[in-house]
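Structure first, then comments.
Per chain, numbering begins at 1; letters A, B, ... match sequence-line order.
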Amino acid sequence: MDKLEFSKEYFNIYDTLSCGQTFRYNPFKDGYLVVSNNVACYIVYENENTVIYTEHTDYFKNYFDLNTDYSLIVDKSKSYNIEYLTKASEYGKGIRILKQNTYEMIISFIISQNNNITRIKTIIKKLCEKLGDKLEFMGETYYSFPTIDKLALYDEGFFKSLGFGYRAGYIESTAKKLLDTDINSLYKLDTKTLKSELIKFKGIGGKVADCVLLFGFNRFDSFPVDTWIYKLYRENFCGEECNREKITEYFLNMFKEYSGYIQQYLFYYKRENKEA
DNA sequence: GGCCAGGCCTGAT
DNA sequence: ATCAGGCATGGC
């Protein structure tokens, strides 16, 4: 078992896990058990540090983006001198953008549409318990995220029985199409082209594509516009546009290659502070 | 009990 | 190209 330590100022456990980028974590002992794809870690505060216990050190070093200096990102974020953004980035400065499994992000964010985070977690949990492998870490049982090959064996009716609602058909279609997709060729595409490819999958529109770009492909020149960002744009940025793609363009033009990070600060702040 | 949630698809202009 | 209307389900 390896132990990774990191100062907690720019690595807040709760903020990082609950800001809506991952749905696979649960309270465990004094911290959280975090699962990604088919591996797990235990994350907990010890004194002034955030500590990760894992048998997959390289995976979680990358997963938690431990080689990036987030103080620079927060400083950049504040340098725009936009009051709301400055408050948001100070509030969320402990968030780290997780580098997650691409397939898991595609399936998870299709499920996420027009849905709330609590229920997204429930659906994904059921999916993993049903189709994932039963594994163990620190005496605790957890389940891997199902492989695409496994997902492609099931149909719409099956996913509906797990509570997917109208998204069930999207999952069947997309899982089967992913089987015939060379994922490595997608990594080579520039962000705009990649987005246009992602949108070809059933159940992936502009917003889900942006989330997959950000969390599953680590493209920071992406800016997901969901209902919270839509509200923020109009209430806190005096925006007039109604078209979400145009709102994405508006923020991309403003924040460029920092868009992904900044979107997350804004999203989390808006969602946590409903009156702000 | 009604509104809303990390929206997308389809069919009509 | 744009836009309404419909959509499953459960959290709050």
Quiz item: Whole Å only: how far is the NZ atom of Lys200(A) from the P atom of dC8(B)?
Solution: 17 Å

Practice problem: Enumerate the residues from residues 159-177 of chain A whose closest heavy atom to DNA chain B is under 4.0 Å, giving them by residue number; use none for an empty result. | Solution: Tyr166(A), Tyr170(A)

Exercise. Take Gln264(A) and Gly203(A), find for each the nucleotide of DNA chain B with the closest heavy atom, and name the residue whose nucleotide sits nearer the 5' end.
Key: Gln264(A)

Quiz item: Are there more than 12 heavy atoms of other residues, nucleotides or ligands under 6.0 Å from atom NZ of Lys202(A)?
Solution: no

Quiz item: Atom NZ of Lys246(A) to atom C1' of dC3(C): distance rounded to whole Å?
Solution: 12 Å

Exercise. For Leu232(A) and dA5(B), give me the distance from atom CG to atom P, rounded to whole Å.
Key: 14 Å

Quiz item: Starting at CD of Glu156(A) and ending at P of dC8(B), how long is that distance when rounded to a whole Å?
Solution: 18 Å

Exercise. Report yes if the side chains of Gln113(A) and Cys211(A) come closer than 4.5 Å at any heavy-atom pair, otherwise no.
Key: no

Exercise. State whether the side chain of Lys150(A) and the backbone N or O of Leu131(A) hold a donor-acceptor pair below 3.5 Å, judged by distance alone.
Key: yes

Quiz item: Roughly, in whole Å, what's the span from CD1 in Ile229(A) to P in dG7(B)?
Solution: 11 Å

Practice problem: Using a 4.0 Å heavy-atom cut-off across all strands, classify Cys242(A) as base, sugar-phosphate, or nothing. | Solution: nothing

Quiz item: Rounded to the Å, how far apart are Glu272(A) CD and dA5(B) C1'?
Solution: 15 Å

Self-check item: Any donor-acceptor pair under 3.5 Å from Arg119(A) side chain to Gly163(A) backbone
Solution: yes

Exercise. Rounded off to whole Å, could you give me the CD1-to-P distance for the Ile123(A) and dG7(B) pair?
Key: 13 Å

Check: protein-nucleotides 10-13 of chain B nitrogen or oxygen pairs below 3.5 Å:
none

Exercise. Please state whether the phosphate of dA5(B), meaning OP1 or OP2, lies under 4.0 angstrom from any side-chain nitrogen or oxygen of Lys231(A).
Key: yes

Practice problem: List in chain and number order the residues that pass side chain to side chain contact (heavy atoms under 4.5 Å, CB included) with Tyr250(A), two or more places apart in sequence or in another chain; answer none if no residue qualifies. | Solution: Tyr233(A), Phe237(A), Met254(A)

Quiz item: Ser173(A) side chain to Gly169(A) main-chain N or O, any donor-acceptor pair under 3.5 Å?
Solution: no

Quiz item: How do Phe201(A) and Phe267(A) order along DNA chain B: which one's closest nucleotide is nearer the 5' end?
Solution: Phe267(A)

Quiz item: In residues 91-119 of chain A, what residues come within less than 4.0 Å of DNA chain B, judged by heavy atoms?
Solution: Phe109(A), Ser112(A), Gln113(A), Asn114(A), Asn115(A), Asn116(A), Ile117(A)

Self-check item: Pairwise distance CG(Asn273(A)) to OH(Tyr268(A)) - rounded to 0.5 angstrom
Solution: 9.0 Å

Quiz prompt | P atoms of dA8(C) and dG11(B), separation to the nearest Å | solution = 14 Å

Practice problem: Send over the distance from Arg244(A) CZ to dA5(B) C1', rounded to a whole Å. | Solution: 10 Å

Practice problem: Check the side chains of Tyr59(A) and Thr54(A) for a donor-acceptor pair under 3.5 angstrom, ignoring hydrogens and angles. | Solution: no

Quiz item: Given that both pair distances must be under 3.5 Å and the pair must be Watson-Crick or G-U, what runs of three or more consecutive pairs involve DNA chain B?
Solution: B:2-5 with C:9-12, B:7-13 with C:1-7

Quiz prompt | Asp155(A): partners by side chain to side chain contact (heavy atoms under 4.5 Å, CB included), with sequence neighbours left out | solution = Phe158(A), Glu172(A)

Exercise. Just call it for Gly20(A): base, sugar-phosphate, or nothing, with non-hydrogen atoms closer than 4.0 Å on any strand.
Key: base

Quiz item: Counting only heavy atoms not in Lys130(A), do more than 12 sit closer than 6.0 Å to its NZ atom?
Solution: no

Self-check item: Backbone of Thr86(A) reached by a side-chain donor or acceptor of Ser89(A) within 3.5 Å
Solution: yes

Quiz item: Contact class for Glu245(A) (heavy atom, under 4.0 Å): base, sugar-phosphate, or nothing?
Solution: nothing

Exercise. For this output row, return yes or no: ring centroids of Phe159(A) and Phe164(A) closer than 6.0 angstrom.
Key: yes

Quiz item: side chain to side chain contact (heavy atoms under 4.5 Å, CB included) between Ile110(A) and Phe201(A): does it pass, once the steps are laid out?
Solution: CA-CA 10 Å; Ile110(A) 288 176; Phe201(A) 289 89; 5.6 Å; no

Exercise. Say whether, by atom type as modelled, one donor and one acceptor occur between the side chain of Thr16(A) and the main chain of Arg96(A) under 3.5 angstrom.
Key: yes

Exercise. Mind checking Lys121(A) for me? I need base, sugar-phosphate or nothing, with any heavy atom below 4.0 Å counting as a touch.
Key: nothing

Quiz item: Counting N and O atoms only, with roles assigned by atom type, does the side chain of Asn49(A) sit under 3.5 Å from a partner on the main chain of Val51(A), one being a donor and the other an acceptor?
Solution: no

